[in-house]
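Accompanying notes for the structure given below.
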Amino acid sequence: MPPSQDVTEIAVKVQSGELTAEQATERALAQIAAHDGEVHAFLHVAGDHARERARAVDRKRARGEKLGPLAGVPIALKDAICTRGLPSTAGSRILQGYVPPYDATVVTRLLDADAVVIGKTNMDEFAMGSSNENSAFGPVKNPWDVTRTPGGSSGGSAAAVAARMAPCALGSDTGGSIRQPASLTGTVGIKPTYGRVPRYGLIAFASSLDQIGPFATDVRGAARVLSVISGHDPRDATSLDAPVGDLEGACGRSLRGLRVGIPDEYFARGLDAEVEESVRAAIRELEAEGCVLRPVKLPHTLFAVATYYVLATAEASSNLARFDGVRYGLRVDEGKDLRAMYGATRDAGFGPEVKRRILLGTFVLSAGYYDAYYRKAQQVRTLLRRDFDEVLQEVDVVCSPASPTPAFRLGEKVDDPLAMYLNDIYTLPASLAGIPAMSVPCAPTRSGLPVGLQIMARPLDEATMLAVASAWEARNPTRGLAPAMAGRD
Amino acid sequence: MPAPKIDRALVLHVAKLSSLSLSDAEVDRFASELARIVAHVEQLDALDTRDVPPTAHVQIERMPLREDEVLPGVTHEEALAQAPRVEADGFAVPVYVE
């Protein structure tokens, strides 16, 4: 009898008393203790904190109080999400030892729903990367094959869920940092509509793109976590004032007559043959489920990488100006003056990819180059948005691969930043357009590596996206497949 | 506009604007890497964007402003608790003379 490992199953059992929050937490901590030495998904395991919190949930039940929708559910948080009293480094040496004096809004909402935070997960430094090799504290390994990357930048959160160290986790997605690692680790990962989930307390990378979203072992679990963290927050000026709706109820909804767009540009040169085969097989099942498939054109797709790496680095160069060694974090005092201290601190505190992006972002914003690069990229962003505006009038969702290849080997692309950037081609357009998108597992490759189906939908229409994901998940013959270290198959 | 030459001088200029004290080896490395990345970005020039408005932000029309109210924030002690150096109840920095 496999232990209950899905979000909704744990919550129901804890609510009914069949399982205690403490037991669910101990199980997660035991799985971390057994396998995280190898995987390195966590930067900080909050053992005592989690046990104390779990006992508080159990006491609440013992008092006869109603428990929340994530009753006793262990959750791992990407280390870019601020947690009061727990370290939050964003994978950077410049924030080593930093302990925020406040919780991010998403953390407050998780705690109000009776979830148990079990730790902070490893990530590419400041969420800049697609392989987790840019973490200042060493890379995460893919639980399916520890010689391979779990993807990035939320690779620790993805790996923790894949290895069943937690049934769910939060990540953040700026250009694919939830969907790509979800695809590479065989987990469900959602990037919500821009503004759907409050960013208050998320250490910023590129503010016009960053979104927090969930990972989970199944679609329904991801939908539940998303519904808990979604909704307007007055402390985030970019948070949308729009009703969330019944996201979990959308799972299982009929797809009869739903129009699914298949963009040629996402099945082009560079796509791995086995990934294509797996994704197309999943799309055929959607047709069998009653969907109408239509070829669509998203003609500016190829320009997404150039557009993104101008806009995201420009925003990053501004956001990361705050790390100056004055108020918190690392300080390298050269003993001379303030400017020398800034320069020495930032040179020692930031890793190569972060410096590369700060330099590129500062360059595209600098006098003489602003119009040619930054403004130009903002205009092309408009063209990319229009591609989706037009297509999403003809179809209800767009389906594609989430990543052109399965998990690549650690070290394979680390010396070629441009090759690493080009790997994000399928996830960047939805980020630039601000629309919701997710990755849901489909059949693995013959060598057993996970593949993800990406589903993109209209702004604020996470419900339709989840309906499609759950319909495919129900028909997926390899549903629930987990790596050997997860302890079940 | 003609493509700029990404060389050591440009990297040093941008590094100064970014408050980054780079080593010589870093300057060389970033000059060659940034040249390749900027060359890729130049493909945007192929698109005619003369009448296209820029997108700074999506969904801006759905973002209401909140009331301007005074709410509790972090305390003075909490704000200083993580500072590398504190003097006279404030953040201490090296001497700054321009």
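Order of the sequence lines fixes the chain letters, A, B, ..., with proteins taken first and strands second; residue numbering starts at 1 for each chain. All values reported here derive from a predicted model rather than from experimental measurement. Just the heavy atoms: all of them, side chains too, but no hydrogens, waters or symmetry mates, feed the values below.
When each of B/Arg29, B/Glu33, B/Arg85, B/Lys16 is checked for heavy-atom pairs under 4.5 Å with chain A, B/Glu33 comes out on top. For the options A/Arg327, A/Arg381, A/Arg375, heavy-atom pairs under 4.5 Å to chain B are most numerous at A/Arg327. Annotation: maximal heavy-atom pairing with chain A below 4.5 Å, among B/Ala92, B/Ala83, B/Pro84, occurs at B/Pro84. Counting heavy-atom pairs closer than 4.5 Å to chain B, the top-ranked of the candidates A/Gly97, A/Ala348, A/Gly434, A/Pro101 is A/Pro101. The candidate with the highest count of non-hydrogen atom pairs below 4.5 Å against chain B, out of A/Asp347, A/Leu432, A/Val305, is A/Asp347. Between chain A and the options B/Leu47, B/Leu17, B/Leu34, B/Val38, the largest number of non-hydrogen pairs under 4.5 Å is found for B/Leu47. Ranked by non-hydrogen atom pairs under 4.5 Å with chain B, the options A/Gly329, A/Pro459, A/Pro352 are led by A/Pro352. Note: A/Thr382 leads A/Thr382, A/Asp236, A/Thr345 in heavy-atom pairs under 4.5 Å with chain B. Heavy-atom pairs under 4.5 Å with chain B peak, among A/Tyr194, A/Tyr421, A/Tyr342, at A/Tyr194.
Applying the 6.0 Å contact sphere to CZ of A/Arg386 captures more than 12 heavy atoms from other residues, nucleotides or ligands.
Side chain of B/Thr75 to backbone of B/Glu78: a donor-acceptor contact under 3.5 angstrom is found. With hydrogens and angles disregarded, a donor-acceptor distance shorter than 3.5 Å links the side chain of A/Lys191 to the backbone of A/Ile435. Counting only distance, with no hydrogens or angles, the side chain of A/Arg346 and the backbone of B/Ser18 share a donor-acceptor pair below 3.5 Å. Between the side chain of A/Glu125 and the backbone N or O of A/Glu353, no donor-acceptor pair lies under 3.5 Å.
For the residue pair A/Leu330 and A/Gly349, the shortest heavy atom distance occurs at CD2-CA, 3.6 Å. The heavy-atom pair separating A/Asp324 from A/Met341 by the smallest distance is O-SD, 3.6 Å.
Proximity to chain A involves both the backbone and the side chain of B/Val41, based on heavy atoms less than 4.5 angstrom apart. Only the side chain of A/Pro417 comes within less than 4.5 Å of a heavy atom in chain B; its backbone stays farther off. Residue contact with chain A, scored on non-hydrogen atoms closer than 4.5 Å, is absent for B/Leu80. The parts of B/Gln43 that come within reach of chain A are both its backbone and its side chain, each placing non-hydrogen atoms under 4.5 angstrom from that chain. Within the 4.5 angstrom heavy-atom criterion, no atom of B/Ala81 approaches chain A. For a residue to count as touching a neighbouring chain, one of its non-hydrogen atoms must lie under 4.5 Å from one of that chain's; by this rule B/Glu67 does not touch chain A.
Between A/Phe323 and A/Tyr328, the ring-plane angle classifies as perpendicular under the 30° and 60° cut-offs.
When the heavy atoms of residues 358-366 of chain A are compared with those of chain B, the residues falling under 4.5 Å are A/Ile358, A/Leu359, A/Leu360, A/Thr362, A/Phe363, A/Ser366, listed by number. Interface residues of residues 309-321 of chain A toward chain B, defined by a heavy-atom distance below 4.5 Å and sorted by number: A/Val310.
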Run the side-chain donor-acceptor check on residues 8-15 of chain B: report pairs under 3.5 Å with partners two or more places apart or on a different chain.
unit_1	atom_1	unit_2	atom_2	d
B/Arg8	NH1	B/Asp28	OD1	2.8
B/Arg8	NH2	B/Asp24	OD1	3.4

(request) Starting from the C-alpha separation in whole Å, work towards a yes-or-no answer on ring pair (Phe, Tyr, Trp, His ring centres under 6.0 Å) for A/Tyr374 and A/Tyr369. (result) CA-CA 8 Å; A/Tyr374 184 67; A/Tyr369 301 113; over 10 Å; no
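Residues A/Arg357 and A/Phe205 have side chains in contact (heavy-atom distance under 4.5 Å, counting atoms from C-beta outward).
Checking B/Thr49 against A/Gln379 by side-chain atom types alone, a donor-acceptor pair falls below 3.5 Å.
Separation of atoms OG (A/Ser88) and CD1 (A/Ile203) is listed at 6.0 Å; rounding is to 0.5 Å.
Looking at residues two or more places apart in sequence or on another chain, you find no ring-ring contact (aromatic ring centres under 6.0 Å, His included) involving A/Tyr308.
Comment: A/Arg339 does not engage A/Asp337 in a salt bridge, judged by the lack of any side-chain N to carboxylate O separation of less than 4.0 angstrom. A salt bridge does not link B/Glu42 to A/Lys376: none of the charged nitrogens lies less than 4.0 Å from a carboxylate oxygen.
The only option from B/Asp48, B/Leu44, B/Val52 that meets the side chain to side chain contact (heavy atoms under 4.5 Å, CB included) definition with A/Leu383 turns out to be B/Val52.
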